[in-house]
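Shown next, in C-alpha cells, is the structure this report addresses.
Sequence lines set the chain letters: A, B, ... in the order given, protein chains first and strands last, and positions in each chain run from 1. Model, not experiment: these values are computed from the prediction.
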Amino acid sequence: MAHKSPSPLYAQIYALIRQVPPGYVTTYGQIGKLLGCTARTVGFALSALPSGSDVPWQRVINSQGRVSPRTDGEGNLLQKDLLEAEGLCFDCNLWVDLAVYGWSFPERDDLLL
DNA sequence: TTTATGACCCAAC
DNA sequence: CGTTGGGCCATAA
C-alpha cells in the first residue's frame, strides 16, 4: 500500500472536515487544537487542497465566523454561495453565527457511537 | 539546513 | 468598536 503519504497530519485535517455535516461549519482553531497543531497549519492544509477534493473546505471558516479572504478573492464569494446552498444564513457581510452553525467534532470515545 | 510564505489567532491601543 | 502587530506551526525550494 501507499507508504508515501503527503502528510499524516493533512489526512487528519481532511478527515475531520469530511465529518462535518452539511449546514454546519467549523473553525481552523478547533481543528488545529483537536490535531494538536495551530490554526495556521490547518489553513495551509486547505490551501493545498486539490480541485475536486471530497473535502468540503467551504465549511471551514475562521474563528471570527467569516469566510477566509483567499488569495484569489473570488474564492470567498464562491464559499459564501456554497454555504448558502447548505442552508446557512449569512449576515450583512459574510458573517455567520458560529453559535448556531458551529459544529463540534465528536469525542474520540464517542466516535464509536 | 535555512529562508520565506501562508485560506490563522490573540492581545493591545 | 475597529484597527495594528506579533507569534505560532508546517511545507516547499
_From CG of Leu46(A) over to P of dC8(B), roughly how many Å is that when rounded to an integer?_
10 Å

*Find the distance Gln12(A):CD to dC9(C):C1' and express it as a whole number of Å.*
16 Å

*Describe the nucleic acid contact of Thr41(A) in one word from base, sugar-phosphate, nothing, applying a heavy-atom distance below 4.0 Å.*
base

*Quickly work out the Asn62(A) CG to dC8(C) C1' distance and round it to whole Å.*
17 Å

*Any side-chain N or O of Ser47(A) less than 4.0 Å from the OP1 or OP2 oxygen of dG6(B)?*
no

*Find the distance Trp57(A):CH2 to dC8(B):P and express it as a whole number of Å.*
12 Å

*Look at the side chain of Asn62(A) and the backbone N and O of Gly65(A), then say whether any donor-acceptor pair between them is shorter than 3.5 Å.*
yes

*Between dA10(C), dA7(B), dC10(B), which one does the side chain of Tyr10(A) approach most closely?*
dA10(C)

_Could you tell me how far apart Ile31(A) (CD1) and dC9(B) (C1') are, to the nearest whole angstrom?_
14 Å

*Under 4.0 Å between a side-chain N/O of Thr38(A) and OP1 or OP2 of dC9(B), yes or no?*
no

*Considering only heavy atoms and no angle criterion, is a donor-acceptor pair shorter than 3.5 Å present between the side chain of Arg40(A) and the base of dC9(C)?*
no

*Would Tyr28(A) and Ser68(A) count as having a side-chain donor-acceptor pair, cut-off 3.5 Å?*
yes

*For atom CD1 of Ile13(A) and atom C1' of dA10(C), their distance in whole Å*: 9 Å

*asked:* Looking at Gln12(A) and Pro8(A), would you say the former's side chain and the latter's main chain have a donor-acceptor pair under 3.5 Å?
replied: no

*Check whether the side chain of Tyr28(A) and the base of dA7(B) form a donor-acceptor pair under 3.5 Å.*
yes

*Ignoring the backbone of Ala39(A), work out which of dA7(B), dC8(B), dC9(C) is nearest its side chain.*
dC8(B)

*Separation of atom CD in Gln64(A) from atom P in dC1(C), rounded to whole Å*: 13 Å

*asked:* From C-beta outward on Phe44(A), which listed nucleotide comes closest to its side chain: dA7(B), dT11(C), dC10(B)?
replied: dT11(C)

_Using whole Å, what does the distance between atom P of nucleotide dC8(B) and atom NZ of Lys33(A) come to?_
16 Å

*Within a strict 4.5 Å, meaning less than it, do heavy atoms of the Leu46(A) and Ile17(A) side chains meet?*
yes

*Does the side chain to side chain contact (heavy atoms under 4.5 Å, CB included) test come out yes or no for Leu98(A) and Thr27(A), once each step is laid out?*
CA-CA 9 Å; Leu98(A) 286 171; Thr27(A) 64; 3.9 Å; yes

